[in-house]
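Take a look at the structure set out below.
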Amino acid sequence: MSRKIVTKDGVEIFYKDWGKGQPIVFSHGWPLSSDDWDAQMLFFLDHGFRVIAHDRRGHGRSTQTADGNDMVHYAADLAALTEALDLRNAIHIGHSTGGGEVAAYVARHGMERTAKIVLVGAVPPIMVKSASNPGETPMEVFDGFRKQVAANRAQFFLDIPSGPFYGFNRPGAKVSEGIIRNWWRQGMMGGTKAHYDCIKAFSETDFTEDLKKITQPALVMHGDDDQVVPYKDAAVLSAKLLKNATLKIYPGLPHGMLTTHADVLNADILAFIKS
């Protein structure tokens with residue numbers, strides 16, 4: 001079934017909730033929706049889990065908010081969903097921006113309700129370059145994202161999946177027009193203001209203290225050809241900050257490896273959950 005909850009500040013959060021068993025909750029990346037988890041939702045449903053995925057505020061079928069498009073609200077929205085469904089012993093899986101959302105939620109709201117976490121191509125600990133993080137991505141890159149969202153979001157949302165997101169710009173890549181169109185479709189469902197604001201949320205939020213607080217077993221997965229979130233400044237550092245982390249780096253895989261290599265990642269996530 002699919003339904004909506006209403007947060008304390010009046011935002012409707014759309015979610016899907018299928019099956020019975022131990023809950024797995026999925027948090028999607030920017031600027032997508034819960035539809036980006038199709039390959040995982042079907043796989044884990046078939047393996048006896050209850051699978052739940054929501055559209056972040058401002059994204060997909062949730063309210064196109066003008067404000068609250070920040071990690072504090074994203075984490076609180078996820079907390080509201082888990083409390084409304086009374087989820088316990090849950091596995092939280094986050095991709096990209098969703099990985100930041102998972103870290104913020106578990107550390108700030110969900111320690112008692114969470115069994116394990118999985119971060120896939122995730123943005124923590126922090127993406128933007130600074131004096132203390134010299135190896136990270138320069139602010140100019142994110143300013144460029146904002147400029148392109150404001151100027152011609154529809155074209156920008158074709159360029160990203162056609163190129164770096166899935167590694168379709170690499171020599172010999174097997175390009176899928178359907179995957180590109182599905183990325184564009186999900187992106188254009190959301191609100192441009194939320195998408196604009198979310199760039200700051202995913203690039204400038206420092207998750208260092210959140211990661212240090214999390215004691216649950218964590219699987220940190222990243223492709224070493226991720227052109228969106230470089231793995232050395234994300235997964236490698238996150239795994240060091242988490243108290244109980246397993247790090248898996250996938251040679252040659254892109255940022256969108258959950259879609260392009262779903263069979264590989266699904267099997268590894270299932271093994272981690274069962275371990």
Side-chain angles (χ1 to χ4, degrees), residues 26-40 55-56 58-60 94-101 119-124 126-129 135-192 194-204 221-236 249-265:
F26 300 92
S27 292
H28 65 78
W30 175 94
L32 304 170
S33 74
S34 56
D35 294 352
D36 200 44
W37 293 106
D38 284 356
Q40 285 69 46
D55 292 355
R56 185 172 298 117
H59 296 63
H95 176 238
S96 197
T97 300
E101 179 178 287
L119 305 180
V120 187
V123 297
I126 185 169
M127 279 194 76
V128 73
K129 183 178 181 178
E136 307 288 359
T137 306
M139 180 64 82
E140 293 78 33
V141 172
F142 304 114
D143 287 341
F145 284 4
R146 280 183 276 265
K147 184 176 180 181
Q148 291 178 86
V149 167
N152 190 345
R153 182 172 64 135
Q155 184 59 51
F156 188 41
F157 285 4
L158 274 180
D159 294 342
I160 295 172
S162 299
F165 199 93
Y166 296 110
F168 290 160
N169 55 347
R170 295 305 198 207
K174 185 180 177 183
V175 177
S176 167
E177 187 68 26
I179 288 174
I180 294 168
R181 292 188 185 191
N182 191 42
W183 200 102
W184 185 89
R185 175 192 68 84
Q186 291 179 72
M188 294 307 293
M189 284 168 66
T192 190
H195 288 162
Y196 187 94
D197 292 350
C198 187
I199 295 167
K200 180 181 177 71
F202 75 65
S203 65
E204 296 181 45
M221 318 170 87
H222 221 111
D224 76 356
D225 194 33
D226 190 322
Q227 301 171 65
V228 179
V229 182
Y231 80 97
K232 289 181 182 178
D233 301 319
V236 173
I249 303 298
Y250 294 83
L253 295 199
H255 189 61
M257 61 185 182
L258 280 164
T259 299
T260 60
H261 297 79
D263 53 341
V264 175
L265 270 77

Atom pair OG1 (Thr259) and CG (Leu32), whose distance is rounded to the nearest 0.5 Å: 8.5 Å
Shortest non-hydrogen contact from Ser162 to Ile180? OG-CG2, 3.5 Å
In short, His222 meets Ala234 closest at the heavy-atom pair CE1-CB, 3.8 Å
Can you confirm whether or not the ring centre of His59 sits under 6.0 Å from the ring centre of His28? yes
From Arg146 CZ over to Phe156 CZ, what is the distance, rounded to the nearest 0.5 angstrom? 11.0 Å
Between His195 and Phe157 (judged by ring centroids, cut-off 6.0 Å), do the two rings come close enough to count as a pair? yes
Using the ring centroid of each side chain, check whether Tyr250 and Tyr231 are separated by less than 6.0 Å. no
Could you tell me if the side chain of Asp225 sits less than 4.5 Å from the side chain of Leu253, heavy atoms only? no
Which heavy-atom pair separates Met188 from Ala154 by the least distance, and what is that distance? SD-CA, 3.8 Å
With the threshold set at 4.0 Å, does a side-chain nitrogen-carboxylate oxygen contact exist between Arg185 and Asp35? yes
If you measure only the distance, is there a donor-acceptor pair under 3.5 Å linking the side chains of Ser96 and His255? yes
Within this structure, what is the CG-CD distance for the pair Leu158 and Gln155, rounded to the nearest 0.5 Å? 5.5 Å
How close do Trp30 and Ile160 get, counting heavy atoms only, and between which atoms? CZ3-CD1, 3.9 Å
Could you tell me whether a side-chain N or O of Gln40 sits under 3.5 Å from a main-chain N or O of Leu258, the two making a donor and an acceptor? yes
Going by atom types alone, do Gln148 and Asp159 pair a side-chain donor with an acceptor below 3.5 Å? no
